[in-house]
Amino acid sequence: MRDDEPLTLDVATAPQAPPSPASDTGGPGPGPAPWVRRLVVVGLVLAAVNLRPAITSLGALLKEVRDGLGMSGTMAGLLTSVPAACFALFGFAAPRLARRHGPGAVVLAGMVAITAGLLLRPFAGATPVFLAASALALAGIAVSNVLMPVIVKRYFPDRVGTVTGVYSMALSLGTALAAAVTVPLTDAMGGSWRLGLGVWAALAAVAIVAWLPLARDRSASAARPVAVVTAGRAAGERTGTPHALAAGEHGSILRSRTAWMLACFFGLQGTAAYVTMGWMPQIFRDAGISAGQAGLLLAVTMVMGVPLSFVLPPLAARMRSQGPIVVVLGAFQVAGFAGLWAAPAAAPYLWALLLGIANCAFPLVLTMIGMRSRTGAGVVRLSAFAQSTGYLISIPGPILVGTLNQTSGGWGLPIALMIALVVPQVVCGVLAGRNRHIEDEL
């Protein structure tokens, strides 16, 4: 995909009538029907609930999976990095797929891929097969991840912070649910980790039903304001260019410092999140805490995102700069990792709570993506670039943590690394949180 390729979704199907009075002032024309928007909210919630169980259910049973498949520490680290790798690889393809088929259809395909991958994973008899099945589910998660901010901007341009908070809350709820109940479910089904992982395919199948009627919806097809489209056409007439690009569709996004800072912030907070989801239960278990309690502690970390993900995005959307929130979350992250380092079993729920607050950097950065562009087309490009590049940045972290743990025989060095990474994370987040738009930098 060329970086300067137009990414406006379904503009060809947008109404060609004269702009409405609202659009004369730069606002969008008539939007989708109220029932469509309600259905989109339901679809967003169900999709978001399924964006993490494939990961946190594995974190709760990682020891059993390692024993069952004979994984080394480095290979287990690679397994915990598979989400980031898939998110980066398939996230880059999401805008092209959405432009061609529509974002609703792509999210539907993502839900199908998640269901299939979770169904196939329990049948893996070797690590490569397990990795392949996981990658299938994670590919579906990846394209859905990238398109969530796009769909919010597309259907709710006037409520980006609120709707982002709703689906971020649902994402945290799904994450916490999988972490909390995977071990008890596994025990109830005879102790088989295969059944404990495979049961989550049923939840993903429910989301498929919700996205079926949205797959071909075009009621919110005007991904950029009509006034901007009209201005682009007028510019094309003046310059003789028949298909002039609107703001957000021209220039290389690689030239935007804000886009790079968002990508780096996304990647570094993602590193911390995947180390927490993949390795925190193992850290607690190595400190003498039972598997069930370790899973519950991971659930505590994840469930913190439920209330905070609802409050934080609207708060961030009202602020000119999101830098102060970035600094506060970074402080909680340092405190949580320091507790894991010094005395993991002394106050495990406190450390889980602190890291849960820190993990709310994820809904914060999603909100920032929606705020750093003026148009839907710009959000598509920025979301794809920031998330895909960010996930590439986050790949080495979990692998390095697993390798350091195996070579040093403890968790001191891995956790020290995570504390050190908080510094560049905060710096990038503060710079990304400035009141800027990528269109001004292209």
Side-chain angles (χ1 to χ4, degrees), residues 1-9 47-48 51-52 54-55 80-101 103 106-107 109-110 113-114 134-154 164 168 171 223 248-249 251-274 361-373 376-399 424-425 428-429 432 438 441-442:
M1 179 180 68
R2 299 194 314 275
D3 188 63
D4 60 349
E5 185 174 338
L7 289 176
T8 302
L9 306 180
L51 293 182
R52 292 299 179 271
I55 303 167
T80 57
S81 286
V82 167
C86 288
F87 292 172
L89 177 63
F90 294 101
F92 277 119
R96 178 182 290 275
L97 293 172
R99 185 168 56 86
R100 178 174 299 176
H101 304 290
V106 177
V107 173
I114 294 170
S134 297
L136 176 60
L138 293 165
I141 295 173
V143 294
S144 302
N145 256 338
V146 170
L147 293 179
M148 289 294 103
V150 176
I151 289 173
V152 171
K153 187 82 168 183
R154 178 183 174 93
T164 299
S168 296
L171 188 151
E249 295 182 349
S252 172
I253 200 168
L254 298 177
R255 295 204 299 264
S256 170
R257 287 173 292 179
T258 298
W260 276 108
M261 289 301 98
L262 272 171
C264 292
F265 179 50
F266 194 100
L268 290 168
Q269 67 82 28
T271 298
Y274 287 110
F362 179 72
L364 173 63
V365 72
L366 290 182
T367 305
M368 290 161 67
I369 288 172
M371 296 175 65
R372 295 288 88 91
S373 176
V379 173
V380 175
R381 299 179 72 197
L382 183 57
S383 180
F385 175 77
Q387 293 200 49
S388 297
T389 305
Y391 283 125
L392 282 175
I393 293 171
S394 69
I395 289 172
I399 300 175
Q425 176 181 320
C428 292
I438 61 168
E441 300 174 344
L442 301 182

Which atom of [X] lies closest to which atom of [Y], heavy atoms considered:
X	Y	value
Ser394	Gly267	CB-O, 3.3 Å
Met368	Gly429	CE-O, 3.8 Å
Phe385	Ala259	CE2-O, 3.6 Å
Ile438	Ser256	CG2-OG, 3.5 Å
Arg372	Leu382	CB-CD2, 3.6 Å
Ala263	Ile393	O-CD1, 3.9 Å

Check your understanding: Which distance, rounded to the nearest 0.5 Å, do you find between the CD of Gln387 and the CG of Leu147?
Key ->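 The CG atom of Leu147 is 9.0 Å from CD of Gln387, to the nearest 0.5 Å.
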Review point. Nearest 0.5 Å, what's the CG-CG distance between Leu171 and Asn145?
Key: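 Taking CG in Leu171 and CG in Asn145, the distance rounds to 7.0 Å.
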Practice item. Scan residues 258-272 for pairs that pass side-chain hydrogen bond (donor to acceptor under 3.5 Å, both in side chains), counting only residues two or more places apart or in two chains. Key: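 The answer is Thr258-Glu441.
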Study note, to complete from the structure: By ring-ring contact (aromatic ring centres under 6.0 Å, His included), Tyr391 pairs with (sequence neighbours left out) Phe87, Phe266
Check your understanding: Can you find a heavy atom in the side chain of Met148 that is under 4.5 Å from one in the side chain of Val107?
Key ->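 Sidechains of Val107 and Met148: in contact.
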Practice item. Side-chain contact test, heavy atoms from C-beta onward, threshold under 4.5 Å: evaluate it for Ile55 versus Tyr274 and give yes or no. Key: yes
Review point. Can you name the residues that form a side chain to side chain donor-acceptor pair (under 3.5 Å) with Arg52, not counting sequence neighbours?
Key: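 Scan of Arg52 (side chain to side chain donor-acceptor pair (under 3.5 Å), adjacent residues dropped) gives none.
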Review point. With sequence neighbours left out, what residues match Thr367 under side chain to side chain donor-acceptor pair (under 3.5 Å)?
Key: none
Check your understanding: With sequence neighbours left out, what residues match Ser388 under side-chain contact (heavy atoms from CB on, under 4.5 Å)?
Key ->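 side-chain contact (heavy atoms from CB on, under 4.5 Å) list for Ser388, sorted by chain: Phe92.
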May I have the list of side-chain donor-acceptor pairs in residues 134-144 shorter than 3.5 Å, sequence neighbours left out?
| unit_1 | atom_1 | unit_2 | atom_2 | d |
| --- | --- | --- | --- | --- |
| Ser134 | OG | Arg121 | NH1 | 3.3 |
| Ser134 | OG | Phe130 | O | 2.9 |
| Ser144 | OG | Gly140 | O | 2.9 |

